[in-house]
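As structure tokens, the structure follows; a few thoughts come after it.
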Amino acid sequence: MVDAAPRKGRVNFPFPYTPYSIQEDFMATLYDVLEAGKVGIFESPTGTGKSLSLICGALSWLRDFEEKKKQEEARLLADERNGQDKQWPASCSMEASNCQGSTAELDWITEFIQKKEERDMVDRLKEEQIKRKKREVRLEKIRHNVQLKYASKRKRLEDDETQRLLQLSKEILSTELGSHDLEQLDHEEEELILAEYESDEETKVGSGLDEDDDDLEEEHVTKIYYCSRTHSQLAQFVHEVQKSPFGEEIRLVSLGSRQNLCVNEEVSRLGAVQLINDRCMEMQKNKHGKKSEGEESEGKKRRVSRAVCPFYSYEQMQFLRDEVLVKVKDIEQLVALGKETKACPYYGSRYAIPAAQLVVLPYQMLLHESTRCASGIKLKDQVVIIDEAHNLIDTITCIYSTEVSGSQLCCAHSQLLQYMERYRKRLKAKNLMYIKQILYLLERFVSILGGNVNQNPNTQSISQTGTELKSINDFLFQSQIDNINLFKVQRYCEKSLISKKLFGFVERDGATTVVKTNKENQKMAGLQNFLLTLHQGPDKEAAVQCPPVEAEADQHKMASPLMQIEGFLSALTNANQDGRVILNRQGTVAQSSLKFLLLNPAVHFAKVLQECRAVIIAGGTMQPVSDFREQLLSCAVGADRVVEFSCGHVIPPENILPIILCSGPSNQQLEFTYQKRDLPQMMDEMGRILGNLCNVVPGGVVCFFPSYEYEKQVYLHWERTGLLTRLVTKKKIFQEPKRANQVEQVLAEYAKCIKRCSQVRGQVTGALLFSVVGGKMSEGINFSDDLGRCVVMVGMPYPNIKSPELQEKMAYLDKTMPRTVSQPPSKMLIENLCMKAVNQSIGRAIRHQKDYASILLLDHRYARPSIFNKLPHWIKERTEVKPAFGLAFAALSKVSTGVPSNFSQVYRMNFVVTYP
């Protein structure tokens with residue numbers, strides 16, 4: 001670990017306003033990390049302009065890097081031009097043969113190789129220079145030439161007019177020809193058009209570009225990949241780029257999922273991600289796929305019209321690519337452009353990746369290797385910035401962990417078996433062998449759960465229930481599948497797309513999701529309806545294991561279960577020490593499941609670290625950072641390559657008052673452990689504290705509980721004892737909903753109540769919001785200004801150590817991580833998980849330079865050094881430990897005059913300690 005010392009003034013950082021000193025330090029340190037090609041862990045509290053500092057610091061480095069590269073190119077090309085008349089000595093071989101000793105010969109060979117490398121480098125530089133100039137000229141034309149910009153729109157109008165005339169001619173012909181003759185003519189016309197269109201498309205797709213751009217798109221320029229957790233965070237970052245000094249010149253592209261970018265209403269209305277993905281792939285297959293031998297021989301009699309996506313047009317996507325590179329656009333603007341140009345934003349944005357300087361994308365797209373490759377993302381010698389990275393370890397673990405249920409296993413076996421029986425004579429021997437291997441794997445998986453694939457999983461009861469953990473090797477041996485090469489099976493599934501052949505598409509009809517029954521989907525969408533009519537031997541129940549979905553909530557179940565099982569098979573190819581298999585046996589086979597748990601996320605993140613030039617892991621609250629160093633970085637990079645930077649806050653010291661409260665008004669020690677928190681006296685003491693807070697704190701108070709269950713238990717207890725009634729006299733009470741779609745409504749009502757109380761100035765002074773650590777309001781929500789004048793943390797939200805997954809993770813760390821002097825790695829993991837959740841929650845209050853709030857940590861355990869040191873630096877340095885309740889409230893009343901006047905006046909005026 002080394003701490004980078006910021007060098008102010010060394011680089012000119014363009015900034016939209018005069019930066020704070022901490023922003024200058026942030027940008028200077030970031031610049032140095034990128035220049036040295038290191039890994040940086042950056043912590044900058046919310047409200048300090050972290051996003052803008054990342055933008056200006058990183059893009060300043062990219063600007064200087066490209067300038068240096070151009071200067072180096074110019075120097076080398078100038079040297080080459082100056083020496084172009086010098087011919088390589090023709091007598092060099094003769095001179096080499098006359099040289100005495102091996103040293104002279106080796107010197108000549110070395111010199112020859114060096115000169116050859118220099119010539120090759122010069123040739124490459126010339127090619128890159130030509131491509132760069134070509135790209136710049138093209139984009140400049142599009143930026144300033146209005147006629148060129150709208151040429152594509154005119155072409156679309158001409159195509160629409162052609163289609164209209166064609167339809168009109170068909171209507172005229174229909175009066176002169178019979179319906180059968182017209183249908184035959186229609187088919188002949190369509191075959192001819194499709195043949196020409198596909199031939200032209202194949203030529204373009206095969207080369208990747210048109211004749212003018214054949215060498216423009218393949219080259220990846222040096223770029224920065226910026227990723228964050230949510231769509232809204234990415235959109236906010238793009239808006240910051242647009243407002244920055246780089247907004248007009250940077251080439252930026254936003255990537256997203258089909259669910260966010262699809263503009264084909266027929267596909268996007270399917271809703272579920274898996275349904276959208278597979279429908280999109282099927283439409284592409286219809287567009288480019290060749291007719292089968294059966295279709296060729298039977299001709300027009302069995303010909304079925306296949307749906308293709310009208311937005312998947314190469315020319316239109318190339319136009320969209322150029323429009324994206326010309327001006328910065330967020331995802332909403334990209335979707336609007338796709339609808340306007342009738343081009344697919346999902347694929348059009350991918351075309352823009354090679355020439356883009358800044359690529360904005362979600363976590364999963366960058367961290368998941370197969371998704372990364374499919375998206376055309378190349379990390380070699382590039383820069384990656386991972387923002388909001390406080391849960392990076394959990395994200396990687398979730399991406400590479402997977403679970404399959406017993407009903408999915410039985411359903412997949414039923415589908416695949418009947419598929420094999422129907423098409424056995426058409427399948428090649430090799431394909432038949434792999435299908436039989438997959439069937440055997442499914443049989444063994446169901447068997448290890450205690451079931452049988454030939455019976456209905458919903459009616460099969462399991463004698464021995466419970467959870468069992470096994471290593472990968474033990475699971476393979478016990479399942480008797482250790483003799484099967486899972487790597488080859490996985491590769492077969494990927495190449496053959498067998499799971500998609502067992503897939504039935506659905507469409508929405510009002511509030512109901514139904515299986516399509518039209519001829520198109522009966523032929524090309526899979527075998528769902530066919531499988532429902534088959535019977536497997538004498539047992540009729542076994543054939544009906546995949547009933548049609550009728551409720552919208554069950555839409556995800558329509559995807560072929562084999563898709564999920566492919567992920568599980570892929571997970572089993574991990575190294576034995578890097579993961580565990582959890583056998584979860586419940587009452588029936590359908591309720592039971594197999595889950596792969598990734599224990600070592602570093603093995604997947606190492607590929608990112610090794611390929612990239614530099615990696616930045618940033619967040620508003622990164623403490624404690626020991627998890628990142630030990631669980632993600634230690635196996636791939638040395639300690640000398642890791643740089644840690646943490647800056648303070650821009651608020652004055654007197655604008656925040658963090659207090660660790662050790663006891664309540666009746667001198668009851670505050671210790672909200674799992675054993676003591678349910679005690680009536682502990683819940684009463686907590687109620688007295690909140691009662692006093694509501695008397696003195698203006699605006700909004702946000703109280704975080706360890707879990708939804710405990711919050712409900714406390715609420716009911718206060719309701720019975722009458723304490724809730726006393727709280728309502730000062731603050732209107734709101735509770736965090738469990739459903740995500742209700743969060744916005746609760747927050748709006750909470751904010752409206754606070755605003756109304758501040759205007760009326762009556763007895764009710766604001767609102768009290770009960771939230772849950774790790775819930776919907778503990779991350780990404782801003783309780784700025786009056787929305788959060790005080791944040792209360794009830795107890796310490798330790799994770800459930802009885803969880804089998806957590807116990808296995810603890811055991812793994814104890815075996816693989818070095819033990820510290822103070823505590824074992826497993827105990828450190830538990831503390832770190834707890835404090836990460838605490839730091840995220842208490843960071844919801846202070847959101848800008850003029851904001852102010854108090855923070856109360858209700859538990860004496862926060863005063864322990866091992867816990868206290870894991871608070872964010874900007875909070876820790878201002879935290880006071882108060883052993884008695886009266887002392888804590890005296891501190892609130894003595895807030896210095898540097899705090900905004902209403903804050904100090906309200907606290908001084910209303911300082912009354914009550915003991916209800």
Side-chain angles (χ1 to χ4, degrees), residues 657-707 709-735 763-773 788-797 841-842 845 853-863 880-895 906-916:
L657 183 59
I659 293 178
I660 296 175
L661 190 58
C662 299
S663 62
S666 63
N667 293 325
Q668 173 74 44
Q669 187 182 46
L670 299 178
E671 185 177 337
F672 292 91
T673 59
Y674 190 76
Q675 294 79 13
K676 295 183 179 181
R677 68 184 187 183
D678 295 339
L679 297 175
Q681 58 266 33
M682 193 63 67
M683 291 187 282
D684 291 339
E685 196 75 347
M686 186 203 318
R688 296 186 189 103
I689 294 171
L690 283 180
N692 281 276
L693 277 177
C694 291
N695 285 333
V696 299
V697 176
V701 176
V702 184
C703 182
F704 285 99
F705 291 87
S707 66
E709 292 75 16
Y710 187 60
E711 185 259 341
K712 182 179 180 181
Q713 180 183 355
V714 171
Y715 188 91
L716 293 174
H717 176 77
W718 289 348
E719 201 171 36
R720 288 193 302 268
T721 59
L723 195 144
L724 204 62
T725 305
R726 291 194 292 272
L727 289 176
V728 172
T729 60
K730 284 294 184 180
K731 304 283 185 186
K732 184 176 179 179
I733 296 178
F734 295 85
Q735 290 178 277
Q763 184 179 2
V764 179
T765 60
L768 174 61
L769 176 62
F770 292 157
S771 301
V772 177
V773 177
R789 289 307 181 199
C790 182
V791 175
V792 181
M793 177 62 59
V794 177
M796 301 186 65
S841 299
I842 64 179
S854 59
I855 299 173
L856 255 64
L857 304 175
L858 304 185
D859 202 305
H860 74 94
R861 293 175 293 172
Y862 282 108
E880 301 177 10
V881 179
K882 300 298 181 182
F885 178 76
L887 294 174
F889 274 71
L892 288 174
S893 68
K894 294 179 181 177
V895 177
V906 167
Y907 274 105
R908 288 195 181 101
M909 236 172 22
N910 298 303
F911 172 62
V912 179
V913 179
T914 59
Y915 301 87

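Keep in mind that this is a model prediction, so the values were computed, not measured.
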Subject >> Qualifying residues under salt bridge (Lys or Arg N to Asp or Glu O under 4.0 Å), relative to Lys882, sequence neighbours excluded >> reply: Glu880

Subject >> Leu723 side chain reached by Leu690 side chain, heavy atoms, under 4.5 Å >> reply: no

Subject >> Under the ring-ring contact (aromatic ring centres under 6.0 Å, His included) test, residues paired with Phe734 that sit two or more places apart >> reply: Tyr750

**OP:** Measure the spacing between NE2 of His860 and CZ of Phe672 and express it to the nearest 0.5 Å.
**Re:** 10.5 Å

Original post:
What's the spacing between Tyr862 OH and Met796 CE if we round to 0.5 Å?
Top reply: 5.0 Å

**OP:** Please list, chain by chain and in numerical order, all residues satisfying salt bridge (Lys or Arg N to Asp or Glu O under 4.0 Å) with Arg861, sequence neighbours excluded.
**Re:** Asp859

**OP:** For Arg677 and Pro706, work out which heavy atoms get closest and say how close.
**Re:** NH1-CB, 3.6 Å

Subject >> side-chain hydrogen bond (donor to acceptor under 3.5 Å, both in side chains) partners of Gln669, counting only residues at least two apart >> reply: none

Original post:
About how many Å separate CG of Leu856 and CG of Leu670, when rounded to the nearest 0.5 Å?
Top reply: 9.5 Å

Subject >> Test ring-ring contact (aromatic ring centres under 6.0 Å, His included) applied to Phe705 - qualifying residues, sequence neighbours left out >> reply: Phe770

Original post:
Distance from Leu693 atom CG to Cys703 atom SG, nearest 0.5 Å?
Top reply: 9.0 Å

Original post:
What residues form a side-chain hydrogen bond (donor to acceptor under 3.5 Å, both in side chains) with Glu685, not counting sequence neighbours?
Top reply: Ser666, Arg688

Original post:
Taking all non-hydrogen atoms of both residues, which atom of Leu661 and which atom of Ala884 are closest, and how far apart?
Top reply: CD1-O, 3.9 Å

**OP:** Please identify each residue that fulfils salt bridge (Lys or Arg N to Asp or Glu O under 4.0 Å) with Glu719, with sequence neighbours left out.
**Re:** none

Subject >> Listed partners of Val728 passing side-chain contact (heavy atoms from CB on, under 4.5 Å), at least two apart >> reply: Ile733

**OP:** Only pairs at least two apart or in different chains count here, so list each salt bridge (charged side-chain N to carboxylate O under 4.0 Å, His left out) that has a residue in residues 665-676.
**Re:** Glu671-Lys676

Subject >> Side-chain heavy-atom pair Leu857, Pro658 within 4.5 angstrom cut-off >> reply: no

Original post:
To the nearest 0.5 Å, what is the distance between OG (Ser663) and CG (Leu858)?
Top reply: 11.0 Å

Subject >> Which residues share a salt bridge (Lys or Arg N to Asp or Glu O under 4.0 Å) with Asp684, sequence neighbours left out >> reply: none

Original post:
Do you know which two heavy atoms are closest between Cys790 and Val697, and how far apart they sit?
Top reply: CB-CG1, 3.8 Å

Subject >> Any residue meeting side-chain contact (heavy atoms from CB on, under 4.5 Å) with Asp678, in chain and number order, not counting sequence neighbours >> reply: Tyr710, Gln713

Subject >> Under 3.5 Å: donor-acceptor pair, side chain of Lys731, backbone of Gly699 >> reply: yes

Subject >> Set of residues satisfying side-chain contact (heavy atoms from CB on, under 4.5 Å) with respect to Val773, sequence neighbours excluded >> reply: Phe704, Met793, Pro797, Ala837, Ser841

Original post:
If you measure from CE on Met686 to NE2 on His717, what distance do you get to the nearest 0.5 Å?
Top reply: 9.0 Å

